[in-house]
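These numbers come from a predicted model, not from an experiment.
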Amino acid sequence: MIRSAFIALLLATTATLQAADLKIGVIDMSKVFQEFHKTKSAAEKYKGNYEKAAQEMQERQTVYKNLSAEAMKLQKTAQDPIITPEQRNKYAAELGEKVKEIRSMEMEMQEFAERRQTQLKQEDMQIRKGLYEEILVVVRDRSKADSFDIVFDKTGVSLSTVPIILHVKEGAANDLTDQIIVELNKDAPPPGAEPKKAEPTAAPKAEEPKK
């Protein structure tokens, strides 16, 4: 009994010493993501796509308003008491076709809005995934280079939306946030610079005819 208790105490003491020797780092991944120069470029691209979709929707709304105005004009004309029954029937038929066109336009607008919203959402998720993967490569390389045993994201939250890391004693962990931001942005283009264009591939040389 005494021997078992002694062994348990020895194991606990060893584990404590091992934990004390761990080199722990923390990173504010939210800040890193926001300060990454590619995040800002991606945000500008996404904004452009969003504005393009909004413009396309605005064009459809203009067509819809024009159709509605034409339908109202036809309805008013069809109800004019001075026109003949034949003319009234003619305008009523045109109104019916115009209403069908309006209903078709409404369905097209709804489908377009849903489709573009889904596309933009998927695009945003894909962009974020790619950026996070690129950031994680730099984080892992830095962690290995500096011999960190564990690196936590101090902005991470649990399923209950409570921060996973509730407290870190000052000096107990190294904050790598600024180092990672510098590393990620070391190849950032200067402000106002246009992105590099891919160089054209040289055309293969024609073989000389054999003599």
Side-chain angles (χ1 to χ4, degrees), residues 19 21-64 108-202:
D21 292 337
L22 289 177
K23 188 174 182 181
I24 301 174
V26 293
I27 297 178
D28 186 335
M29 285 293 286
S30 178
K31 181 179 179 182
V32 170
F33 183 82
Q34 293 298 326
E35 293 297 325
F36 188 16
H37 72 93
K38 289 187 179 181
T39 300
K40 300 173 182 178
S41 300
E44 288 297 322
K45 180 181 178 181
Y46 179 83
K47 180 182 177 182
N49 291 339
Y50 180 87
E51 291 176 346
K52 180 180 178 182
Q55 178 62 34
E56 292 171 350
M57 190 64 186
Q58 182 63 44
E59 292 171 359
R60 284 165 170 77
Q61 289 175 343
T62 300
V63 173
Y64 180 80
E108 198 276 338
M109 289 172 63
Q110 182 177 354
E111 291 173 358
F112 173 80
E114 292 174 353
R115 184 173 66 253
R116 293 296 279 129
Q117 184 177 9
T118 299
Q119 289 175 347
L120 288 170
K121 185 177 180 180
Q122 290 176 343
E123 178 187 347
D124 183 54
M125 291 175 62
Q126 194 66 25
I127 289 174
R128 286 177 174 273
K129 180 181 178 183
L131 292 172
Y132 273 119
E133 287 176 351
E134 193 167 346
I135 291 171
L136 285 175
V137 170
V138 175
V139 171
R140 292 189 182 109
D141 289 345
R142 168 64 64 177
S143 300
K144 291 176 182 177
D146 292 345
S147 302
F148 279 94
D149 296 291
I150 303 174
V151 175
F152 292 99
D153 172 16
K154 65 181 183 179
T155 57
V157 295
S158 65
L159 293 176
S160 59
T161 69
V162 175
I164 295 174
I165 299 179
L166 300 176
H167 172 70
V168 177
K169 181 181 178 181
E170 186 175 355
N174 295 273
D175 194 325
L176 308 177
T177 303
D178 292 337
Q179 297 178 40
I180 296 299
I181 291 174
V182 171
E183 182 71 17
L184 285 167
N185 292 332
K186 65 181 181 181
D187 297 324
E194 296 183 359
K196 294 182 179 180
K197 297 181 179 179
E199 295 182 359
T201 305

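- Separating the CZ atom in Phe36 from the CG atom in Asn185 is a distance of 7.0 Å, to the nearest 0.5 Å.
- A distance of 8.5 Å separates CG of Asp146 from CG of Asn174, quoted to the nearest 0.5 Å.
- The environment of CD in Gln119 is crowded: more than 12 heavy-atom neighbours from other residues, nucleotides or ligands sit within 6.0 Å.
- Checked against ring-ring contact (aromatic ring centres under 6.0 Å, His included), Phe33 has the following partners two or more places apart in sequence or in another chain: Tyr132.
- In terms of the ring-ring contact (aromatic ring centres under 6.0 Å, His included) criterion, Tyr64 has no residue partners (sequence neighbours excluded).
- Judged as a salt bridge (Lys or Arg N to Asp or Glu O under 4.0 Å), and not counting sequence neighbours, Arg115 has no contacts.
- Residues passing the side chain to side chain contact (heavy atoms under 4.5 Å, CB included) test with Val137 are Asp141, sequence neighbours excluded.
- In this structure, Thr177 and Val32 have side chains that are in contact, with non-hydrogen atoms separated by less than 4.5 Å.
- Residues forming a side chain to side chain contact (heavy atoms under 4.5 Å, CB included) with Ser30 (at least two apart in sequence, or on another chain): Asp28, Thr155.
- In terms of modelled atom types and a separation under 3.5 Å, the side chain of Ser41 and the main chain of His37 share a donor-acceptor contact.
- Residue pairs meeting the salt bridge (charged side-chain N to carboxylate O under 4.0 Å, His left out) criterion with at least one member in residues 154-165, sequence neighbours excluded: Lys154-Asp175.
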Show me the donor-acceptor pairs, under 3.5 Å and distance only, between side chains in residues 43-51 and residues at least two apart or in other chains.
{"residue": "Asn49", "atom": "ND2", "partner": "Glu123", "partner atom": "OE1", "Å": "3.3"}
{"residue": "Asn49", "atom": "ND2", "partner": "Glu123", "partner atom": "OE2", "Å": "2.7"}

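- To the nearest 0.5 Å, atom NZ of residue Lys23 and atom CD1 of residue Ile150 are 13.0 Å apart.
- Within the structure, no pair that satisfies the ring pair (Phe, Tyr, Trp, His ring centres under 6.0 Å) test touches residues 134-153, not counting sequence neighbours.
- For the atom pair Asp178 CG and Glu35 CD, the distance stands at 9.0 Å (nearest 0.5 Å).
- The side chain to side chain contact (heavy atoms under 4.5 Å, CB included) check on Leu136 picks up Met29, Arg140, with sequence neighbours excluded.
- Legend: residues meeting side chain to side chain donor-acceptor pair (under 3.5 Å) with Lys144, ordered by chain and number and at least two apart, are absent.
- With values rounded to the nearest 0.5 angstrom, Glu133 atom CD is found 10.5 Å from Ile135 atom CD1.
- Partners of Glu183 under the side chain to side chain donor-acceptor pair (under 3.5 Å) rule, at least two apart in sequence or in another chain, are Lys186.
- In this structure, OG1 on Thr62 lies 7.5 Å from CD on Glu59, to the nearest 0.5 angstrom.
- Residues that satisfy the side chain to side chain contact (heavy atoms under 4.5 Å, CB included) test with Glu56, not counting sequence neighbours, are Lys52, Arg60, Phe112, Arg116.
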